[in-house]
*Asks:* 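One structure follows; several queries about it will come next.
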Amino acid sequence: MKPKNRFSRRSWLRMAAGAGAASLVPFMPRLARGQSEAPKRVLVVYHGLGYLDESFWPTRGASGRPNDFTLGDTMRALDDYKNQLIYLDGILLYGAQYFFPDDDNEHASGGNMTFTGSRKDDGDEDPNTKAFSNGPSFEQVIADHYYDPESPVTPFRDIALGISSNSTGERHACFFRGSQQPVAAQHDPTAAFETYFGGFTPADTSEAQRQQTARRRARNQSIIDYVRDDLDHARRRIGRQEEAALDQHLAGLRALERRVTAEMQADPACRLPDAPSGRWGGDAERLRGTYEAHVDVIASAFTCDLARVATLQLGHADGGLTLVEGINSHGTTHDIGGNQENPAGLADAKDRHRRLDRFWADRWHYLLEKLDSIPDGDGTLLDNTLIVWGTDTTTGPRGPHRHTRMPYFLAGGSNWAFPTGRHLVYDQVWGRNNRVGREEAAQWQSNSRIWVSILQRYGIERDSFGTMDIGSGTLPDL
């Protein structure tokens with residue numbers, strides 16, 4: 001069934017008639033409102049199982065400075081955007097399965113905790129009860145900060161898209177509105193397009209779209225004309241004083257309509273993305289198109305200021321995705337763990353892991369290139385959008401499915417967030433047998449330090465984040 005657009009013509013009129021034409025201002029594109037400064041945006045991207053440490057992390061140059069580094073072998077697709085990246089090397093995901101073996105499996109706890117810093121635990125002793133993170137993910141705190149339902153600054157609070165993520169399964173969820181409240185992702189690109197752009201007409205981008213826009217305008221005319229019968233009926237049921245107030249509201253709305261139409265068409269950045277076409281899914285043949293369609297929707301929604309917070313969940317670790325030439329990501333990481341004493345088998349598994357990691361690096365390049373191609377304020381959309389990548393586990397020299405040296409990295413946002421083009425390295429303190437105990441964990445930098453740092457950039461005063469935070473303050477040097 002075709003999703004219903006949240007902001008129908010009739011609902012727009014109700015808002016205007018109830019509070020005056022000014023009530024529509026939050027739903028106008030940023031440039032149409034006369035706002036010259038680009039808003040702060042955040043996009044959080046998840047994909048399962050992390051990377052192979054030895055080929056993912058950058059290497060420092062001879063100077064040893066954070067801005068003197070070479071990208072890891074599997075991340076070379078991002079060389080063009082090295083100066084827009086920040087690698088956070090030495091981050092601990094404290095509280096996941098390897099620290100508390102009585103918890104659910106490492107994927108479930110890692111995925112639930114990666115952006116929340118909150119343990120997967122509902123406090124119910126019944127093993128059949130679903131348990132999720134007992135705290136929100138950081139970007140949802142930002143969405144709440146931005147979005148007041150009584151006076152919203154954007155039409156949508158946030159955008160949540162995904163591919164084969166089963167994002168509300170307790171072993172698959174990674175974004176949370178609050179404790180035990182997983183965010184459900186939209187998987188179908190066509191449905192996502194209709195949800196965010198079904199009733200939206202920004203600047204034309206092609207002759208076909210111009211013709212489509214002309215037909216839509218001829219059919220729909222204006223909001224006021226569309227509901228003319230309802231208005232005539234209302235006039236017969238109200239008194240003169242109410243009729244005068246209605247006429248005043250409608251006059252303001254008519255003037256606003258004309259101005260919005262003209263200014264939206266004059267805004268060269270706010271463009272309708274191409275409507276998705278084709279088959280969608282999570283296998284190797286179709287994943288690329290689905291992913292790119294999702295990225296295009298997010299980029300256009302950010303540009304047109306329809307939302308300022310977005311999440312993109314790509315698969316889940318527990319089931320794995322078959323992405324490249326029949327290589328299964330989950331099976332590959334297990335093969336690395338199972339072949340530690342078999343050099344030939346280990347080399348083959350690592351080769352497969354590197355090919356998967358390069359696949360993801362290519363996808364990240366598409367995202368950065370897309371955002372960097374769109375003018376925005378005093379720079380590009382990439383300059384004004386902070387992108388955060390996270391995962392549930394990773395594969396290091398001690399084997400797969402680890403929660404130490406988690407591969408968090410950032411991109412963009414240089415106009416307001418953090419200086420980019422850096423490889424930041426933090427101490428990694430090990431206990432007996434190369435394991436991290438509770439005492440050692442307090443000497444690492446936890447993922448909560450990242451989220452506190454980002455929240456403070458938004459003016460959200462936090463000193464800690466998540467129920468498992470073992471430190472305080474922002475991430476040093478970020």
Side-chain angles (χ1 to χ4, degrees), residues 49-61 63-69 72 75 85-103 105-107 109-121 133 135 138 333 336-337 340 388-410 418 422-456 462-478:
L49 294 158
Y51 304 86
L52 183 64
D53 263 16
E54 62 191 57
S55 51
F56 167 79
W57 289 106
T59 55
R60 288 281 187 94
S63 72
R65 294 191 301 269
N67 62 353
D68 180 11
F69 65 94
M75 302 298 286
L85 303 173
I86 307 174
Y87 283 87
L88 306 175
D89 190 346
I91 301 296
L92 179 70
L93 183 57
Y94 181 69
Q97 191 264 351
Y98 277 124
F99 303 99
F100 300 95
D102 57 328
D103 274 359
N105 73 13
E106 60 271 25
H107 303 307
S109 55
N112 274 246
M113 294 189 63
T114 190
F115 301 118
T116 68
S118 294
R119 193 172 175 183
K120 179 181 180 294
D121 177 18
S133 169
F138 79 94
T333 58
I336 288 177
Q340 291 294 312
V388 181
W389 281 275
T391 187
D392 59 314
T393 65
T394 197
T395 302
R398 286 157 296 282
H401 300 178
R402 299 289 168 172
H403 298 118
T404 54
R405 203 184 186 190
M406 291 291 287
Y408 290 109
F409 65 111
L410 316 176
F418 311 105
R422 295 182 296 156
H423 173 213
L424 302 179
V425 181
Y426 302 96
D427 290 339
Q428 301 168 45
V429 183
W430 301 95
R432 298 176 60 185
N433 301 319
N434 281 331
R435 295 187 69 84
V436 177
R438 284 173 171 80
E439 293 183 5
E440 291 83 17
Q443 302 176 64
W444 285 66
Q445 298 294 338
S446 77
N447 63 331
S448 293
R449 304 281 67 74
I450 310 172
W451 316 143
V452 168
S453 299
I454 295 174
L455 291 175
Q456 289 195 10
R462 291 285 189 96
D463 195 51
S464 62
F465 190 79
T467 61
M468 297 302 297
D469 194 350
I470 53 176
S472 62
T474 58
L475 186 65
D477 302 323
L478 181 57

*Asks:* Shortest non-hydrogen contact from G117 to S448?
*Replies:*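 Heavy atoms of G117 and S448 come nearest at CA-OG, 4.1 Å.
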*Asks:* Of all heavy-atom pairs between D53 and P397, which one has the smallest distance, and what is that distance?
*Replies:* OD2-CD, 3.9 Å
*Asks:* Please report the interatomic distance CD1(I336) to NE2(H401), rounded to the nearest 0.5 Å.
*Replies:* 9.5 Å
*Asks:* Tell me whether D463 contacts the main-chain N or O of G473 through its side chain, where contact means a donor paired with an acceptor under 3.5 Å.
*Replies:*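 Yes; at least one donor-acceptor contact below 3.5 Å.
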*Asks:* Distance-only, no hydrogens or angles: does the T394 side chain make a donor-acceptor pair with backbone N or O of Y51 under 3.5 Å?
*Replies:*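 Side chain of T394 to backbone of Y51, a donor-acceptor pair under 3.5 Å: yes, one is there.
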*Asks:* If you look at every heavy atom in F69 and P58, which pair is closest and at what distance?
*Replies:*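 Here F69 and P58 meet closest at CD1-CB, 3.7 Å.
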*Asks:* Could you check if a side-chain atom of W451 sits within less than 4.5 angstrom of a side-chain atom of V388, using non-hydrogen atoms only?
*Replies:*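 Yes, their side chains come closer than 4.5 Å.
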*Asks:* Using side-chain heavy atoms (C-beta onward) and a distance below 4.5 Å, is Y94 in contact with W444?
*Replies:*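 Answer no - side chains too far apart.
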*Asks:* Please test H403 against T393 for side chain to side chain contact (heavy atoms under 4.5 Å, CB included), starting from the C-alpha separation and ending with a verdict.
*Replies:* CA-CA 6 Å; H403 298 118; T393 65; 3.6 Å; yes
*Asks:* Looking at side-chain heavy atoms only, is the closest gap between L478 and L410 below 4.5 Å?
*Replies:* yes
*Asks:* Is a side-chain donor or acceptor of T395 paired with a backbone partner of T333 at a separation under 3.5 angstrom?
*Replies:*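 It does not hold such a pair.
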*Asks:* Would you confirm whether Q456, through its side chain, and S453, through its main-chain N or O, come within 3.5 Å as a donor-acceptor pair?
*Replies:*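 No, because the side chain of Q456 does not come within donor-acceptor range (under 3.5 Å) of the backbone of S453.
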*Asks:* Quick check: does any side chain N or O of H423 sit under 3.5 Å from a backbone N or O of R65, one acting as donor and the other as acceptor?
*Replies:*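 Such a contact is absent between H423 side chain and R65 backbone.
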*Asks:* W57 versus P407: any side-chain heavy-atom pair under 4.5 Å?
*Replies:* yes
*Asks:* Side chain of R60, backbone of D68: donor and acceptor closer than 3.5 Å?
*Replies:*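 It does not hold such a pair.
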*Asks:* Closest approach of S464 and G471, non-hydrogen atoms and distance?
*Replies:* CB-O, 4.3 Å
*Asks:* Can you tell me how far the OG1 atom of T467 sits from the CE atom of M113, to the nearest 0.5 Å?
*Replies:*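 With rounding to 0.5 Å, OG1 (T467) is 6.5 Å from CE (M113).
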*Asks:* Could you check if a side-chain atom of L92 sits within less than 4.5 angstrom of a side-chain atom of Q445, using non-hydrogen atoms only?
*Replies:*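 Result no, sub-4.5 Å side-chain heavy-atom pair not found.
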*Asks:* Is a side-chain donor or acceptor of Y408 paired with a backbone partner of T114 at a separation under 3.5 angstrom?
*Replies:* yes
*Asks:* Would you compute the distance between atom CG of N447 and atom CG of L475 and round it to the nearest 0.5 angstrom?
*Replies:*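 It comes to 10.5 Å.
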*Asks:* Do L424 and I86 come within less than 4.5 Å of each other through their side chains, counting heavy atoms only?
*Replies:*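 They are in contact (side-chain heavy atoms under 4.5 Å apart), so the answer is yes.
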*Asks:* Is Q428 close to T404 at the side-chain level, that is, under 4.5 Å between some pair of heavy atoms?
*Replies:* no
*Asks:* Under the rule for ring-ring contact (aromatic ring centres under 6.0 Å, His included), what residues qualify as partners of Y87, not counting sequence neighbours?
*Replies:* F56, F409
*Asks:* Could you check whether any side-chain heavy atom of D469 comes within less than 4.5 Å of a side-chain heavy atom of R449, counting everything from C-beta outward?
*Replies:* yes
*Asks:* Once you round to the nearest 0.5 Å, how far does CG of L93 lie from OG1 of T116?
*Replies:*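 That separation rounds to 8.0 Å.
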*Asks:* Going from CG on D121 to OG on S109, what distance comes out if it is rounded to the nearest 0.5 angstrom?
*Replies:* 11.5 Å
*Asks:* Whether the side chain of N112 engages the backbone of S133 through a donor-acceptor N/O pair (distance < 3.5 Å, no angle test) should be reported.
*Replies:*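 Looks like yes, one N/O pair under 3.5 Å.
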*Asks:* Identify whether the distance between the nearest side-chain nitrogen and carboxylate oxygen of D89 and R405 falls below 4.0 Å.
*Replies:*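 Yes, this pair counts.
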*Asks:* Could you give the distance from CD1 (I91) to OG (S446), rounded to the nearest 0.5 Å?
*Replies:*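 Here the interatomic distance stands at 7.5 Å.
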